[in-house]
Chemist: 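Input: one structure, supplied below.
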Amino acid sequence: MKDFYAILGVSPSATDSEIKKAFRRLAVRYHPDKNASAEANALFQAINEAYDTLGDVEKRARYDTRRENPFSEILAEPVRQHRDPAYRRRRPYAQHKSEPPASYVLMRDSLKYVIWISRVSLLASALFFLDYFLPYFRIEEGIKDIYAVRFARSVGHHVIVTDSGRKIRLYDFDAVSFRNERTLRISRTAIYHTVMSASNTSGSYVIRMGYLYRSLIFLPIILFVNSALALLFRKRVELCFNLNVTGFIWLIINFIFI
């Protein structure tokens, strides 16, 4: 083990300033520019090595420990640190974000188009509620034909065809009562023109329809809530996309019953 104190010519109890002065004195004497001999070059390297250890507080402490107990096991050589504190800082590791699944990417890219389903559904349901509260129109039309629609050898419903070509579906087996009538009184909504009721001219026989405005009114309510939630959570890609798909199904069902 090299004796760095002997190389610099100082005692083990020397202060940092004494070590620095000894290094400068010897460096000037044995610097290659001042002394070109091969012996001076080797001494200059030894002087730099000694000062590199004794001039650093942590390295000097480890060196003194090994010098006092040369048989101690050194598990690993310490990594040399740059004297500039900036080089001692730990550089943060770059965190690589994992790629989202393909299904998420597809939903995200198509959401700007799918979101229109909720906008149309919200408008359609809002018009429905407006149509529900507006007064109904009452008109009279001539009856052109009445025929029955059969399913599995049984009558499913009747259809009355008016002179204007309007087809009114009646789920009432007594609709044949209109066969003796020439005129049909109709009550319809203002916006969607949904037939709410049909009666004969005397008003003695009335069939109520417009089931979406009565027993099935929960369908447009569901459509309205679904479309409102989709627009409210439009920044949550998966939830918004699924609500729009569901809203499209509810929209079709509502238009079937209007």
Side-chain angles (χ1 to χ4, degrees), residues 97-141 147-152 155-173 175 184-199 206-258:
K97 295 183 178 180
S98 58
E99 291 294 332
S103 59
Y104 179 87
V105 175
L106 180 62
M107 291 180 186
R108 181 192 61 192
D109 295 341
S110 60
L111 191 60
K112 59 183 178 181
Y113 306 107
V114 178
I115 195 68
W116 279 99
I117 297 176
S118 294
R119 294 170 180 170
V120 173
S121 300
L122 190 65
L123 177 62
S125 56
L127 289 175
F128 169 83
F129 293 118
L130 181 62
D131 198 26
Y132 181 83
F133 291 104
L134 288 176
Y136 302 149
F137 288 94
R138 289 175 173 80
I139 58 176
E140 290 186 1
E141 292 191 14
Y147 62 89
V149 178
R150 298 180 178 275
F151 297 102
V155 176
H157 60 271
H158 286 83
V159 176
I160 298 178
V161 183
T162 64
D163 292 336
S164 63
R166 185 195 302 271
K167 293 183 178 181
I168 302 174
R169 184 180 299 177
L170 303 177
Y171 293 94
D172 194 321
F173 299 128
L184 182 68
R185 287 183 178 180
I186 300 173
S187 174
R188 65 171 178 83
T189 60
I191 298 177
Y192 288 115
H193 295 181
T194 302
V195 178
M196 299 297 295
S197 64
S199 65
V206 180
I207 298 179
R208 297 189 179 278
M209 293 170 289
Y211 306 106
L212 193 65
Y213 293 75
R214 293 188 174 93
S215 58
L216 300 178
I217 195 172
F218 65 90
L219 292 177
I221 294 176
I222 293 176
L223 178 64
F224 179 83
V225 173
N226 187 95
S227 56
L229 289 175
L231 294 175
L232 181 63
F233 296 104
R234 58 184 177 274
K235 292 185 178 180
R236 299 177 60 178
V237 176
E238 295 182 359
L239 177 60
C240 182
F241 185 88
N242 293 329
L243 285 173
N244 277 279
V245 173
T246 307
F248 179 75
I249 298 174
W250 286 116
L251 182 64
I252 297 299
I253 293 174
N254 276 267
F255 273 107
I256 289 175
F257 287 99
I258 285 181

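Excluded from the calculations below are hydrogen atoms, water molecules and symmetry mates; all remaining heavy atoms, backbone and side chain alike, are included.
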Chemist: If I take atom CZ from residue Phe128 and atom CG from residue Asn254, how far apart are they, to the nearest 0.5 angstrom?
Modeler: 7.5 Å
Chemist: Decide if atom CZ of Phe224 counts as having more than 12 heavy atoms of other residues, nucleotides or ligands within a radius under 6.0 Å.
Modeler: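 Open.
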Chemist: Scan residues 109-121 for pairs that pass side chain to side chain donor-acceptor pair (under 3.5 Å), counting only residues two or more places apart or in two chains.
Modeler: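 Of all non-adjacent pairs touching residues 109-121, those that pass side chain to side chain donor-acceptor pair (under 3.5 Å) are Ser118-Asn244.
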Chemist: Which heavy atom of Pro100 sits nearest a heavy atom of Val105, and at what distance?
Modeler: CG-CG2, 3.9 Å
Chemist: Please tell me if the side chains of Tyr147 and Val161 come closer than 4.5 Å, counting only heavy atoms from C-beta onward.
Modeler: yes
Chemist: Give the C-alpha distance, both sets of side-chain angles, the deciding distance and a yes or no for side-chain contact (heavy atoms from CB on, under 4.5 Å) between Ile207 and His158.
Modeler: CA-CA 12 Å; Ile207 298 179; His158 286 83; over 6 Å; no
Chemist: Quick one: closest heavy-atom pair of Gly210 and Thr194, and the distance?
Modeler: CA-CG2, 4.2 Å
Chemist: Measure the spacing between CD1 of Ile186 and NE2 of His193 and express it to the nearest 0.5 Å.
Modeler: 12.0 Å
Chemist: Nearest 0.5 Å please: distance from the CD1 atom of Ile117 over to the OG atom of Ser227.
Modeler: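 Rounded to the nearest 0.5 Å, the CD1-OG separation comes to 11.5 Å.
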Chemist: Tell me, yes or no, whether the heavy-atom count around Tyr192 atom OH, taken from other residues, nucleotides or ligands under 6.0 Å, exceeds 12.
Modeler: yes
Chemist: Side-chain polar contacts of residues 216-223 - donor-acceptor pairs under 3.5 angstrom, sequence neighbours left out - could you list them?
Modeler:
none

Chemist: Do any pairs count as a side chain to side chain donor-acceptor pair (under 3.5 Å) and have a residue in residues 131-140, sequence neighbours left out, and if so which ones?
Modeler: Asp131-Thr189, Asp131-Tyr213, Glu140-Arg185
Chemist: Is it true that atom CZ of Arg208 has more than 12 heavy atoms of other residues, nucleotides or ligands lying nearer than 6.0 Å?
Modeler: no
Chemist: As an exercise, state the distance from CG of Leu231 to SG of Cys240, rounded to the nearest 0.5 Å.
Modeler: 7.0 Å
Chemist: For Arg234, I'd like to know if atom CZ has over 12 heavy atoms of other residues, nucleotides or ligands within 6.0 Å.
Modeler: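 No.
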Chemist: State the CG-CZ distance between Leu111 and Arg236, to the nearest 0.5 angstrom.
Modeler: 13.0 Å
Chemist: Which heavy-atom pair separates Ala230 from Ile115 by the least distance, and what is that distance?
Modeler: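 What the structure gives for the nearest pair is O-CD1, 4.1 Å.
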Chemist: Starting at CG of Leu184, measure out to OG1 of Thr162 and round the result to the nearest 0.5 Å.
Modeler: 7.5 Å
Chemist: Does the side chain of Ile191 come within less than 4.5 Å of Leu134's, by heavy atoms?
Modeler: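 Leu134 vs Ile191: side chains touch.
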